**Q** 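The structure follows.
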Amino acid sequence: MSEARKEFWNGVRAEVPLLIGVFPFGMIYGALALNAGLSAFASQMMSSMIFAGSAQFVTAQLVHDAAPGFVIIVTIAVVNLRHMLYSASLAPYLKNLSLKWKTLLSYLLTDEAYAPTILKFEKDGATPFSHWFLLGAGFSLWFTWQVSTALGIFLGAEIPREWPLDFALPLTFIAMVVPVLKKQPMIAAALSAGVTALLAYHLPFKLGLIVAALVGIAVGTWLEGRESPRGMI
Amino acid sequence: MNIWLIMLIGGLVTFGLRFSLIYLFGRFEVPQTMRRALHYVPPAVLSAIIFPEILFHDGALDLSLGNTRLLAGLIAILTAWFSRNTLLTILVGMAALLILQLL
């Protein structure tokens, strides 16, 4: 087997444990997007056009709430800002690649592809074929995400209309937030954002969401800075 | 705005964020404060969605026991806290809401 193919399959293998967690998540997304009022085709296409789990859930919720387009787009940008960090962190290992490779790998750069790839790159460094590892991890995730979305849309269509399925979106967010609430600044960020969202609920264009998110981010960042002043350097 | 336009721009923005520093490597360093702030994005954004979803009822704050979504949400929070399992949290929360609505 060629060196490139070997690295590709190493990437796929490293991704498998994460795929097991991603599959039900993709199914839930598919079912919920459909229930939020998106067409089956649009729900499916979002998984390749945006290809970012939490942003897709949030988009489905905001479409359901009839939020204006620019608010949805700003929210997608805020939710996906962290990808810039991954971009910065992988950049030194990918700097010698062609623009085509950089474009393709950027498209595939999700949380779940980044995690095993950075571990591998930090361990082995950049080798002539190491980018194939990221391609393997990223593509297997992309493929799983498309299939699980489709299955979710298919099964979601079978769920009776009168079930309060729209509630599953906030439930999904609860399941995502609660486990990260370990340290005081995290808890303060979540609570201050939540309370601000209540106070700003009646702002036009759903702007309360963006205001609340910024307040939460500011509170968390400020508290963490106060706890560890050395981190300010 | 048309859903397709939203998805197209949202997708381009997402791609742009992922592509940005891979493309610009060497010309821009992510500041420490921004790195730190990014950790707080998920809990802040998601809480800003969760709170009104479970605390508002027909456009008004409803802290009463009659607010079934609030009760089901609290049950889901406890489930998430103890199980740390996404699927279980959703299933328990949905079951709680369905049962509370029947009561």
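Keep in mind that this is a model prediction, so the values were computed, not measured. Note on naming: letters A, B, ... go to the chains in the order of the sequence lines (proteins, then strands), and numbering restarts at 1 for each one.
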**Q** Tell me, out of A:A77, A:A42, A:A212, A:A189, who's got the most heavy-atom pairs with chain B below 4.5 Å.
**A**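 Ranked by contacts with chain B, first place is A:A42.
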
**Q** Where does A:L214 contact chain B at under 4.5 Å (heavy atoms): side chain, backbone, both or neither?
**A**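 Neither part; nothing is under 4.5 Å.
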
**Q** A:F167, A:F173, A:Y86, A:W222: which one forms the most heavy-atom pairs within less than 4.5 Å of chain B?
**A**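 With the most close heavy-atom pairs to chain B, the winner is A:F167.
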
**Q** Quick check for you: among B:H39, B:R18, B:M94, B:Q101, which has the greatest number of heavy-atom pairs under 4.5 Å with chain A?
**A**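 Highest number of heavy-atom pairs under 4.5 Å: B:R18.
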
**Q** What are the two closest non-hydrogen atoms of A:M186 and B:P43, and how far apart are they?
**A**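 That closest heavy-atom pairing would be SD-CG, 3.5 Å.
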
**Q** Among B:G10, B:S20, B:A37, who wins on heavy-atom pairs under 4.5 Å with chain A?
**A**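 Option with the top pair count is B:A37.
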
**Q** With only heavy atoms counted, which part of A:S89 is less than 4.5 Å from chain B, the side chain, the backbone, both or neither?
**A**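 Looking at A:S89, nothing touches chain B.
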
**Q** Can you tell me which portion of A:K183 sits under 4.5 Å from chain B's heavy atoms? Options are side chain, backbone, both or neither.
**A**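 Contact with chain B is absent: no heavy atom of A:K183 under 4.5 Å.
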
**Q** Identify the two heavy atoms, one from B:F19 and one from A:L99, that lie closest to each other, and give their separation to 0.1 Å.
**A**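 Result for this residue pair: CZ-CD1, 3.8 Å.
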
**Q** So does B:L38 get a backbone contact from the side chain of A:R82, meaning a donor-acceptor N/O pair under 3.5 Å?
**A**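 Pair absent, no side-chain N/O of A:R82 close to backbone of B:L38.
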
**Q** Could you have a look at A:T196, A:L209, A:L94 and say which one has the most heavy-atom pairs with chain B under 4.5 angstrom?
**A**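 Top count of heavy-atom pairs under 4.5 Å with chain B: A:L209.
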
**Q** With respect to chain B, which residue among A:V177, A:N80, A:L198 yields the maximal number of heavy-atom pairs within a distance under 4.5 Å?
**A**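 Result: the option with the highest number of such pairs is A:L198.
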
**Q** Taking every non-hydrogen pair under 4.5 Å, which of A:A218, A:A168, A:A190, A:G208 racks up the most with chain B?
**A**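 Top option by heavy-atom pairs under 4.5 Å: A:A190.
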
**Q** If I measure from the heavy atoms of chain B, does A:S48 come under 4.5 Å with its side chain, its backbone, both, or neither?
**A**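 Neither the backbone nor the side chain of A:S48 comes within 4.5 Å of chain B.
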
**Q** Closest heavy-atom contact between A:V178 and B:R84?
**A**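 That closest heavy-atom pairing would be O-NH1, 4.5 Å.
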
**Q** Do A:F41 and B:W4 have ring centres separated by under 6.0 Å?
**A**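 Yes, the ring of A:F41 comes within the 6.0 Å limit of the ring of B:W4, centre to centre.
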
**Q** Can you list the steps and then say if B:I22 with A:L105 is a side chain to side chain contact (heavy atoms under 4.5 Å, CB included)?
**A** CA-CA 9 Å; B:I22 287 178; A:L105 294 178; 5.6 Å; no

**Q** Using a 3.5 Å cut-off and no angle test, enumerate the donor-acceptor pairs between side-chain atoms of residues 49-76 of chain A and protein atoms at least two apart in sequence or in another chain.
**A**
residue : atom : partner : partner atom : Å
A:Q56   : OE1  : A:F51   : N            : 3.4
A:Q56   : OE1  : A:A52   : N            : 3.1
A:Q56   : OE1  : A:W145  : NE1          : 3.0
A:Q56   : NE2  : A:S47   : OG           : 3.0
A:T59   : OG1  : A:A55   : O            : 2.7
A:Q61   : NE2  : A:D65   : OD1          : 3.3
A:Q61   : NE2  : A:D65   : OD2          : 3.3
A:Q61   : NE2  : B:E53   : OE2          : 2.9
A:T75   : OG1  : A:V71   : O            : 2.6

**Q** Taking every non-hydrogen pair under 4.5 Å, which of A:P24, A:A213, A:G216 racks up the most with chain B?
**A**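 Heavy-atom pair counts peak at A:A213.
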
**Q** Could you pull out the closest heavy-atom pair between A:P185 and B:Y40, with the gap in Å?
**A**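 Scanning both residues completely, I find the closest heavy atoms to be CB-OH, 3.2 Å.
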
**Q** At their closest point, which heavy atom of B:F15 faces which heavy atom of A:S106, and how far apart are they?
**A**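 In this case the closest contact between B:F15 and A:S106 is CE1-CB, 3.7 Å.
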
**Q** I'd like to check B:F51 versus A:L191 (side-chain heavy atoms, cut-off strictly below 4.5 Å). Are they in contact?
**A**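 Sidechains of A:L191 and B:F51: in contact.
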
**Q** Indicate yes or no: at least one non-hydrogen side-chain atom of B:L91 is less than 4.5 angstrom from one of A:L171.
**A**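 No, side chains not in contact.
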
**Q** Within the distance-only criterion (no hydrogens, no angle test), does the side chain of B:T89 pair as donor or acceptor with the backbone N or O of A:A175 below 3.5 angstrom?
**A**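 Pair absent, no side-chain N/O of B:T89 close to backbone of A:A175.
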
**Q** Considering non-hydrogen atoms only, spot the tightest contact between B:R36 and A:G225 and give its length.
**A**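 In this case the closest contact between B:R36 and A:G225 is NH1-CA, 3.3 Å.
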
